[in-house]
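Values reported hereafter were calculated over all heavy atoms of this structure, with side chains retained and with hydrogens, waters and symmetry mates removed. Because the structure is predicted, anything quoted here is derived from the model rather than measured. In this chain, residues are counted from 1 in sequence order.
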Amino acid sequence: MITAEHLTKRYGSRTVVDDVSFTARPGRVTGFLGPNGAGKSTTMRMVCALTTPTAGECTVLSRPFRELSNPGRHVGVLLDASAQHAGRTGHETLALSARLMDLPTSRVREVLDQVGLSLREAAARTRTYSLGMRQRLGLAHALLGDPEVLILDEPVNGLDPAGIRWMRGLLRSFADGGGTVLLSSHLLLEVEALADDLVIIGGGRILAQGPTAELLAKSGTLARSLDDDALLRALTEAGHDVTRSPDGLSTSASLEDVGRLALSAAIVLIDLHPASRAGLEELFFSATARHGREEISA
């Protein structure tokens, strides 16, 4: 589990992250979203103890990251897939980390297979890697210590559609096995398909957070009847907001309220269901409308 409490980061008079609090829970994928410069990367660096907070604190597995013994055995981190030694092979990169983590060399082959890098690809210098191959190597490094937590910044960047689908399945399997995933991405449709929880940040502050299903659920009800005019009057007189839509009536009333009012007015309902879900794109742009691309890179 990851817990951030009132994280704040200032550079001089500029506040890049402002009182950010959230929790990423085991068995769930938490999508961490925001426009460029919103403070996502700075927040993730504070979680990983790469940047010192001005105020607030963060724990991973109930301890500050710096206090984790052999942290790679507990937390897998991928913040920048390009941050790899260009003169080393993929296999050498993983083998060196395996020695530092006191892992058997057999673990290198296991994670290479897990992320879909062949022995031939692993034997090549990383400077020859495509961005997608770098992402796979970076994820292999994050998985090397068989961690309980994954912290990933834009892990699908550079992957083709098949690679994105593969990544989605791997992370879903990791979370379903009890792992904690904190995932930042600009690919909203992928996050919507994968994330159990969402944290949306803009201007360094939390704009929205909670279970994905709850945040994307539109309130209200859609109803159709044999006499929509009469149903509209009944709902309006009861104090509910009502608008006509191509599908009938859209109202702020609950399903139960619509049913009771229709029964009382002897109106036959032919369709009654909750309003459809909002898409993550709609939620994202609505929440971040005043927090577009920031001047300060985070």
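Using a 4.0 Å cut-off between charged side-chain N and carboxylate O, D196 and R172 make a salt bridge.
Counting only heavy atoms from C-beta outward, the side chains of Q209 and D197 never approach each other to under 4.5 Å. The shortest distance between side-chain heavy atoms of H186 and N36 falls below 4.5 Å. For the pair S185 and E154, the minimum side-chain heavy-atom distance is below 4.5 Å. In this structure, L272 and L255 have side chains that are in contact, with non-hydrogen atoms separated by less than 4.5 Å. In this structure the side chain of D271 never reaches within 4.5 angstrom of the side chain of L222, judged on heavy atoms. The closest side-chain heavy-atom distance from H85 to L96 is not below 4.5 Å. Taking the side chain as every heavy atom from C-beta outward, V77 and L50 never approach each other to under 4.5 Å. Contact of the N157 side chain with the Q135 side chain is registered, since non-hydrogen atoms from C-beta on lie closer than 4.5 Å.
Cluster annotation: V16 is connected to M46 through the hydrophobic network of ILVMFWY side chains, with a link wherever side-chain heavy atoms come within less than 4.5 Å. No chain of hydrophobic side-chain contacts below 4.5 Å, direct or via other Ile, Leu, Val, Met, Phe, Trp or Tyr residues, connects M44 to L183. Hydrophobic clustering keeps L79 apart from L137 (ILVMFWY residues linked when any side-chain heavy atoms are closer than 4.5 Å, directly or through intermediates). I151 and I206 fall within a single hydrophobic cluster, where Ile, Leu, Val, Met, Phe, Trp and Tyr are joined by side-chain heavy atoms under 4.5 Å apart, directly or via other members. Residues L112 and F174 share a hydrophobic cluster, clusters being chains of Ile/Leu/Val/Met/Phe/Trp/Tyr side chains in contact below 4.5 Å.
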Next on the checklist: Checking L143 against L170 for the side chain to side chain contact (heavy atoms under 4.5 Å, CB included) test, could you report, in this order, the C-alpha distance in whole Å, the side-chain angles of both residues, the deciding distance, and whether it holds?
Outcome noted: CA-CA 11 Å; L143 293 169; L170 188 149; 4.2 Å; yes
Next on the checklist: Could you walk me through whether V258 and H240 satisfy the side chain to side chain contact (heavy atoms under 4.5 Å, CB included) test, starting with their C-alpha distance in whole Å, then the side-chain angles of each, then the deciding distance to 0.1 Å, before giving a yes or no?
Outcome noted: CA-CA 10 Å; V258 175; H240 299 292; over 6 Å; no
Next on the checklist: Between L198 and L280, is the side chain to side chain contact (heavy atoms under 4.5 Å, CB included) condition met? List the steps.
Outcome noted: CA-CA 10 Å; L198 296 172; L280 179 53; 3.6 Å; yes
Next on the checklist: Please evaluate residues V20 and V199 with respect to the criterion side chain to side chain contact (heavy atoms under 4.5 Å, CB included), reporting the C-alpha separation (whole Å), side-chain torsions for both, the decisive distance (0.1 Å), and the verdict.
Outcome noted: CA-CA 10 Å; V20 165; V199 179; 5.8 Å; no
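Of the possible polar contacts, none joining the T8 side chain to the A55 backbone as a donor-acceptor pair under 3.5 Å is found. Formation of a donor-acceptor pair under 3.5 Å by the K40 side chain with backbone atoms of P35 is found in this model. Within the 3.5 Å criterion, the main-chain N or O of R125 finds a donor-acceptor partner in the side chain of T128. Without hydrogens or angle criteria, S21 side chain to H6 main chain gives a donor-acceptor distance under 3.5 Å. Judged by distance alone, the side chain of R134 and the main-chain N or O of T126 form a donor-acceptor pair under 3.5 Å. Although no hydrogens or angles enter the test, the distance criterion places a donor-acceptor pair under 3.5 Å between the side chain of E92 and the main chain of T89. Here the side chain of T288 pairs no donor or acceptor atom with the backbone of G202 at under 3.5 angstrom. Side chain of R73 to main chain of M101: a donor-acceptor pair is present (N/O by atom type, distance under 3.5 Å, no hydrogens or angles). Looking only at distances, a side-chain donor or acceptor of T251 sits under 3.5 Å from a matching main-chain atom of D241. With S250 contributing its side chain and T243 its backbone, the two residues share no donor-acceptor pair below 3.5 Å.
Distance check: T212 OG1 to E214 CD gives 9.5 Å after rounding to the nearest 0.5 Å. Distance check: R127 CZ to Q84 CD gives 13.5 Å after rounding to the nearest 0.5 Å. In this structure, CG in L182 is found 10.0 Å from CG in L150, a value given to the nearest 0.5 Å. For the atom pair CG of L139 and CD of Q114, the computed distance is 7.5 Å after rounding to the nearest 0.5 Å. A distance of 10.0 Å separates CG in L269 from CG in L249, rounded to the nearest 0.5 Å. With rounding to the nearest 0.5 Å, the separation of CZ in R10 from CG in D18 is 7.0 Å.
The shortest heavy-atom contact between P53 and L7 is CG-CD2, 3.9 Å. When all heavy atoms of A195 and G31 are compared, the closest pair comes out as CB-N, 3.8 Å. The heavy-atom pair separating V108 from A98 by the smallest distance is CG2-CB, 4.1 Å. S184 and D153 get closest at one heavy-atom pair: OG-OD1, 3.2 Å. Summarising the geometry of L144 relative to L94, their closest heavy-atom pair is CD2-O, 3.5 Å, with the distance given to 0.1 Å. Scanning all heavy atoms of the two residues, the minimum distance from R136 to L159 falls at NE-CD2, 4.3 Å.
For residues 27-49, every residue pair satisfying the ring pair (Phe, Tyr, Trp, His ring centres under 6.0 Å) rule, not counting sequence neighbours, is listed here: F22-F32.
The local environment of CE in M1 is sparse, with at most 12 non-hydrogen atoms from other residues, nucleotides or ligands closer than 6.0 Å. The 12-atom threshold is not exceeded at CZ of R165, counting heavy atoms of other residues, nucleotides or ligands nearer than 6.0 Å. Crowding of L100 atom CG: a count of heavy atoms from other residues, nucleotides or ligands under 6.0 Å exceeding 12.
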Report, one line per pair, each donor and acceptor closer than 3.5 Å where one atom sits in a side chain of residues 56-67; sequence neighbours left out.
| residue | atom | partner | partner atom | Å |
| --- | --- | --- | --- | --- |
| R63 | NH2 | E67 | O | 2.7 |
| R66 | NH2 | A49 | O | 3.1 |

Tabulate below the donor-acceptor pairs under 3.5 Å that side-chain atoms of residues 228-236 make, not counting sequence neighbours, or state none.
| residue | atom | partner | partner atom | Å |
| --- | --- | --- | --- | --- |
| D228 | OD1 | S225 | N | 2.9 |
| D228 | OD1 | S225 | OG | 2.9 |
| D229 | OD1 | R244 | NH2 | 2.2 |
| T236 | OG1 | L232 | O | 2.8 |

